[in-house]
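Report on one structure; see the data block that follows.
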Amino acid sequence: SPEYNVPHKAPEKILMTGWRRDVRDMLLLLDKLVSPGTVVTMLNDVPLFRREELLEEGGLHTKMLKNLTIRHHWGNPAARRSLEELPLHRYDAVLVLANEQQEDDALMSDSTILATLLLIRTIQNTRRRYSMQAKQVLIRKNKMEDAQRKVERKAAAALKAREDAERAARDALEQSQKREEAERAAAAERVAEMERRMRADGASSVATIEAAKAEMEERLQRQMGESQ
């Protein structure tokens with residue numbers, strides 16, 4: 001068969017339920033259509049140890065697959081318990097196949113396929129709804145946390161501004177007290193200088209008076225002596 005060039009796209013997650021007789025051909029075709037890294041999860045009631053044998057009997061060895069990786073999961077595709085064990089809301093595609101054991105009973109095969117489809121869709125819708133609700137809760141939580149952080153930042157900024165204002169007021173008060181002390185010291189120094197000058201001036205006046213008195217007494221004594 002001619003080579004098919006796969007368009008470049010992201011790897012996918014594919015769920016394949018059931019086990020058809022031609023499952024080998026389907027896997028080989030998928031390997032040509034998907035991108036490298038794609039994972040196919042196979043859910044059916046075929047025993048795990050028999051699956052590799054059945055694929056190899058059909059001529060498919062897993063080493064032949066270039067883009068696909070097969071993961072096996074045992075369970076009944078038409079049972080809710082088996083389906084709920086898988087992350088159905090995360091698969092990019094779901095392939096619902098008929099069971100090989102039901103090939104001779106078309107009614108049973110169709111019923112199984114229909115039941116599987118309905119269960120898968122129900123579980124997917126439920127999980128997607130819960131996922132959306134969880135996202136909304138997370139968005140609201142993130143908004144509340146953002147608002148709380150904004151409030152905390154504003155409170156921290158207001159506290160810092162108040163602390164800065166108090167620090168500035170203390171600095172201004174200290175500077176004012178220092179100026180007052182300096183002014184008082186300068187005034188005290190001026191008063192002391194004035195007192196020193198006044199004392200010096202007073203001592204000089206007393207000395208002058210005493211000298212005048214002594215001179216007058218000496219004159220009187222001389223006059224008295226001359227008159228005698």
Side-chain angles (χ1 to χ4, degrees), residues 1-140:
S1 61
E3 286 291 330
Y4 177 78
N5 295 324
V6 181
H8 179 72
K9 59 181 181 179
E12 298 176 274
K13 294 180 180 179
I14 301 174
L15 174 63
M16 182 181 290
T17 68
W19 187 280
R20 280 177 36 155
R21 190 181 302 275
D22 60 348
V23 67
R24 164 193 173 276
D25 298 330
M26 296 185 66
L27 291 173
L28 288 174
L29 178 60
L30 274 176
D31 187 56
K32 295 179 181 180
L33 298 177
V34 298
S35 299
T38 297
V39 178
V40 174
T41 300
M42 302 189 70
L43 170 66
N44 51 73
D45 54 6
V46 177
L48 299 178
F49 67 91
R50 279 286 295 153
R51 298 182 189 184
E52 293 292 339
E53 295 177 358
L54 292 173
L55 291 176
E56 290 179 2
E57 288 174 3
L60 173 62
H61 297 273
T62 54
K63 294 181 180 179
M64 297 169 56
L65 301 174
K66 298 179 181 179
N67 300 322
L68 279 182
T69 298
I70 299 177
R71 293 180 180 173
H72 296 285
H73 190 86
W74 185 88
N76 181 5
R80 176 182 288 271
R81 179 179 299 177
S82 298
L83 292 171
E84 286 181 340
E85 294 175 353
L86 298 172
L88 296 179
H89 59 294
R90 296 181 181 176
Y91 289 112
D92 300 297
V94 178
L95 302 177
V96 181
L97 310 180
N99 285 323
E100 186 177 3
Q101 297 88 343
Q102 298 176 348
E103 288 181 351
D104 297 333
D105 190 343
L107 181 60
M108 179 61 70
S109 177
D110 291 344
S111 298
T112 302
I113 292 174
L114 183 59
T116 302
L117 283 172
L118 291 175
L119 281 173
I120 290 174
R121 179 56 58 88
T122 300
I123 296 172
Q124 283 181 334
N125 290 339
T126 301
R127 292 184 178 176
R128 284 170 182 163
R129 184 168 61 253
Y130 288 157
S131 178
M132 291 179 62
Q133 292 174 352
K135 288 181 180 178
Q136 292 174 355
V137 170
L138 182 60
I139 290 173
R140 287 196 295 269

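Scope of the values below: all heavy atoms of this structure, side chains included, with no hydrogens, waters or symmetry mates. Just so we're clear, the structure is a prediction, and the values are computed from it rather than from any experiment.
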I'd like to know if the side chain of [X] reaches the main chain of [Y], judged simply by a donor and an acceptor atom lying under 3.5 Å from each other, with no hydrogens or angles considered.
X      : Y      : value
Asn67  : Asp31  : yes
Ser109 : Asp105 : no
Gln124 : Leu88  : yes
Asp45  : Asn76  : no

Would you say [X] and [Y] make side-chain contact, with heavy atoms under 4.5 Å?
X      : Y      : value
Arg129 : His89  : no
Trp19  : Gln101 : no
Leu55  : Val23  : yes
Val39  : Ile70  : no
Thr41  : Lys13  : no
Leu118 : Arg121 : no
Arg90  : Arg127 : no
Leu43  : Thr17  : yes

Find the distance between [atom1] ([X]) and [atom2] ([Y]) and round it off to the nearest 0.5 Å.
X     : Y      : atom1 : atom2 : result
Leu28 : Leu33  : CG    : CG    : 11.0 Å
Arg80 : Ile123 : CZ    : CD1   : 5.0 Å
Leu68 : Lys32  : CG    : NZ    : 12.0 Å
Arg51 : Thr62  : CZ    : OG1   : 14.0 Å
Thr38 : Leu30  : OG1   : CG    : 9.0 Å
Arg20 : Asn44  : CZ    : CG    : 13.5 Å

**Message:** Can you give me the closest heavy-atom contact between Pro11 and Pro36, atom names plus distance?
**Reply:**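 Here Pro11 and Pro36 meet closest at CG-O, 3.2 Å.
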**Item:** Atom of Glu85, atom of Arg81 and distance for their closest heavy-atom approach
**Value:**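 The answer is CG-O, 3.2 Å.
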**Message:** Could you go through Leu65 and Leu60, starting from their C-alpha distance and side-chain angles, then the distance that decides it, and tell me whether this counts as side chain to side chain contact (heavy atoms under 4.5 Å, CB included)?
**Reply:** CA-CA 9 Å; Leu65 301 174; Leu60 173 62; 4.1 Å; yes
**Item:** Enclosure of Met26 CE (heavy-atom neighbours >12, cutoff 6.0 Å)
**Value:**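 For Met26, atom CE is crowded (more than 12 foreign heavy atoms under 6.0 Å).
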**Among Thr116, Leu117, Ile120, the one residue meeting side-chain contact (heavy atoms from CB on, under 4.5 Å) with Pro77** =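 Only one option passes, and that is Thr116.
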**Prompt:** Should Leu54 and Glu57 be marked as a side chain to side chain contact (heavy atoms under 4.5 Å, CB included) after you check the CA-CA gap, both sets of side-chain angles, and the distance that decides it?
**Reply:** CA-CA 5 Å; Leu54 292 173; Glu57 288 174 3; 3.8 Å; yes
